[in-house]
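The structure appears right after this line, and notes come after that.
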Amino acid sequence: TSLGPLSFRIVEPHKRWALELGQNPSGVSFSLEYLSRPVPYMVKKVVYPPRGDKPTGFSHFFQPGRYSGYVSIGGAKFEGYFLGTRDRSWGVRAAQERMGIHFWIQVQFSRFCVSLYYSEDRDNTVTFLDGAVFPDGGEPVPIVDLRHRVAFDRGDREHTGAELLVKDAKGQEI
């Protein structure tokens, strides 16, 4: 689990691991330990109808967490806690010609996290929604609805802001 100055070590499966990048010509080095907040969340399998000979079917999970340690860039050293997300996917992802809005959201608040994967096509039909609200010390609560308002500039290519309203299976809105 190491290559030259880069190493990765599992400290506790699905919970903690250590990442290190020693001195090297890039001027970037770090020593970090990841500590997960909730358990990994496995998104239901993403499957879209094939477009010609290009199927899409992949699996995905995410897990919000915190890193502690330091990152050094060009001689400047940053120490403390950093937020991050463990994210893995595998399978086939073909481009979808009618893809409209796509959100992959990982947000960490002081007492809970929100993780979701959402897509809709260009006629505003929701094609995929899965995710959860993760209260610290509690079980994930599935997300059942997402409403959004996205502001665009330069036609429909650049967004300039957004408001999202997430509703979970217990009726809580965030």
Would you compute the distance between atom [atom1] of [X] and atom [atom2] of [Y] and round it to the nearest 0.5 angstrom?
X	Y	atom1	atom2	value
Gln106	Cys113	CD	SG	8.5 Å
Gln108	Arg37	CD	CZ	5.0 Å
Trp104	Phe62	CH2	CZ	8.0 Å
Gln23	Ser29	CD	OG	4.5 Å
Leu32	Ser68	CG	OG	7.5 Å
Leu116	Ile105	CG	CD1	4.5 Å

How far apart are the closest heavy atoms of [X] and [Y], and which atoms are they?
X	Y	value
Pro135	Phe112	CA-CB, 3.8 Å
Asp136	Ser110	OD2-O, 3.5 Å
Lys45	Gly57	CE-C, 4.2 Å
Val114	Ile143	CG1-CD1, 4.0 Å

inquiry  = Is it the case that atom NE2 in His159 sees more than 12 heavy atoms from other parts of the structure closer than 6.0 Å?
reply    = no

ask   = Considering residues at least two apart in sequence or located in another chain, which fulfil the salt bridge (Lys or Arg N to Asp or Glu O under 4.0 Å) criterion with Glu163?
value = Arg149

key: Worked verdict on Phe58 versus Val92 for side chain to side chain contact (heavy atoms under 4.5 Å, CB included)   = CA-CA 6 Å; Phe58 62 94; Val92 178; over 6 Å; no

Check: residues 2-17 side-chain donor-acceptor pairs under 3.5 Å, at least two apart:
from  : atom 1 : to    : atom 2 : distance (Å)
Arg16 : NE     : Glu33 : OE2    : 2.9
Arg16 : NH2    : Glu33 : OE1    : 3.4
Arg16 : NH2    : Glu33 : OE2    : 2.9

request  = Step by step, work out the side chain to side chain donor-acceptor pair (under 3.5 Å) result for Tyr41 and Asp130.
outcome  = CA-CA 10 Å; Tyr41 184 80; Asp130 195 12; 2.9 Å; yes

task = Mark yes or no for whether Asn24, through its side chain, and Gly22, through its backbone, hold a donor-acceptor pair below 3.5 Å.
result = yes

[X], [Y]: one ILVMFWY side-chain cluster at the under-4.5 Å cut-off?
X	Y	value
Val126	Leu164	yes
Leu19	Val28	yes
Phe103	Phe61	no
Val144	Tyr117	no
Leu129	Val47	no

Table please: side-chain donor-acceptor pairs of residues 77-90 below 3.5 Å, with sequence neighbours left out.
from  : atom 1 : to    : atom 2 : distance (Å)
Arg86 : NH1    : Gln63 : OE1    : 2.9
Asp87 : OD1    : His60 : NE2    : 2.7
Ser89 : OG     : Arg93 : NH2    : 2.8

message = Under a 3.5 Å cutoff, is there a donor and acceptor pairing between the side chains of Thr127 and Glu120?
response = no

task = Answer whether the closest heavy-atom distance between the side chains of Pro64 and Pro38 falls below 4.5 Å.
result = yes

query = Under a 4.5 Å cut-off applied to non-hydrogen side-chain atoms, are Ile174 and Leu165 in contact?
reply = no

key: Lys44 to Phe128 six-membered ring, cation-pi geometry met (6.0 Å, 45°)   = yes

